[in-house]
Structure formats: structure tokens, C-alpha cells
Amino acid sequence: MLKLIEEKQAITPGQLAKEIGGGAPKTSRKINTLYRKGLITKEFGTPDDQRRVSLAVTDKGREVLALVGQAYEDWYANHIDEILEINGKLKY
């Protein structure tokens, strides 16, 4: 979810719910968790609609994304042989 907010820049909670395929209540809970942890900001209001909320990733959120990305790359590098072996057994 954090990666998607970063990629889409200024995405609304409704747009985010559609993107991840989750319901609004579940998405709102996850958004609030990211917000409480300081990983995203909520920007209220636009010239067209003062009720609109836009989400953006904070510097702390970008740090977390970088750490997760590095952890994934490390894991992938350590398991590439297994992944290729499993992939070879799959029939497409």
C-alpha cells in the first residue's frame, strides 16, 4: 500500500481502495495505521473540493520503502535457484 501511494502521488483513499481491491473501511484502517506511524501524510482540500483528502509518503515512509526493497532484493538473491527450480516445474 505504501509503495502504491508513492507511485501514484496524491492518491485519494477512494482511489487507493479501488487500486488494491479492498473495501473502504479496511483501506481506511490501513491508511490510519500508516498515518499514525508517520509513514504518510493526509493533505486536506483542493481548490475544487475542500473535502478531498490526498495521501503522500513522508521521508520516513520512503526510508521504510528503501529498507523493504533492499530486504526483498537480498531475499530474492538468496533464493533465485529455488525460484527458478519451481518455475521450471510450473506448466503454463
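Heavy atoms only: backbone and side chains are in, while hydrogens, waters and symmetry mates are out.
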Peer 1: Would you confirm whether E82, through its side chain, and H79, through its main-chain N or O, come within 3.5 Å as a donor-acceptor pair?
Peer 2: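 Not a single qualifying donor-acceptor pair exists.
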Peer 1: Could you report the tightest heavy-atom contact between S54 and A10, atom names first, then the distance?
Peer 2: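 Distance-wise, the nearest heavy atoms are OG-O, 3.9 Å.
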Peer 1: Any chance you could lay out the side chain to side chain contact (heavy atoms under 4.5 Å, CB included) test for L34 and L55, step after step, and finish with the verdict?
Peer 2: CA-CA 10 Å; L34 294 173; L55 307 172; over 6 Å; no
Peer 1: State whether the side chain of K3 and the backbone N or O of G69 hold a donor-acceptor pair below 3.5 Å, judged by distance alone.
Peer 2: no
Peer 1: Within the structure provided, determine whether K42 and I31 are in side-chain contact (heavy-atom separation under 4.5 Å).
Peer 2: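 Sidechains of I31 and K42: in contact.
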Peer 1: With a 4.5 Å limit on heavy-atom distance, are the side chains of K8 and Q15 in contact?
Peer 2: no
Peer 1: Considering all heavy atoms of both residues, which atom of K37 and which atom of K60 are nearest to each other, and what is their separation?
Peer 2: O-NZ, 2.9 Å
Peer 1: Using only atom types and a distance under 3.5 Å, with no angle test, would you say the side chain of T58 pairs donor to acceptor with the backbone of L39?
Peer 2: yes
Peer 1: For P13 and T27, work out which heavy atoms get closest and say how close.
Peer 2: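 Minimum heavy-atom contact is O-CG2, 4.1 Å.
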Peer 1: Kindly indicate, with the supporting measurements, whether the criterion side chain to side chain contact (heavy atoms under 4.5 Å, CB included) is fulfilled by D81 and E85.
Peer 2: CA-CA 6 Å; D81 291 333; E85 182 181 337; over 6 Å; no
Peer 1: Once you round to the nearest 0.5 Å, how far does CG of L4 lie from CD1 of I20?
Peer 2: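 So the gap between those two atoms works out to 7.5 Å.
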Peer 1: Please answer: with hydrophobic residues joined when any side-chain heavy atoms are less than 4.5 Å apart, are V64 and W75 in the same cluster?
Peer 2: no
Peer 1: Cluster question for you: counting only ILVMFWY and a side-chain heavy-atom cut-off of under 4.5 Å, with indirect links fine, are L65 and Y76 together?
Peer 2: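 The answer is no; the residues belong to distinct hydrophobic clusters.
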Peer 1: Under 4.5 Å between side-chain heavy atoms, counting indirect links through other Ile/Leu/Val/Met/Phe/Trp/Tyr residues: same cluster for F44 and V57 or not?
Peer 2: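 Yes; tracing contacts between hydrophobic side chains, which count when under 4.5 Å, links both residues.
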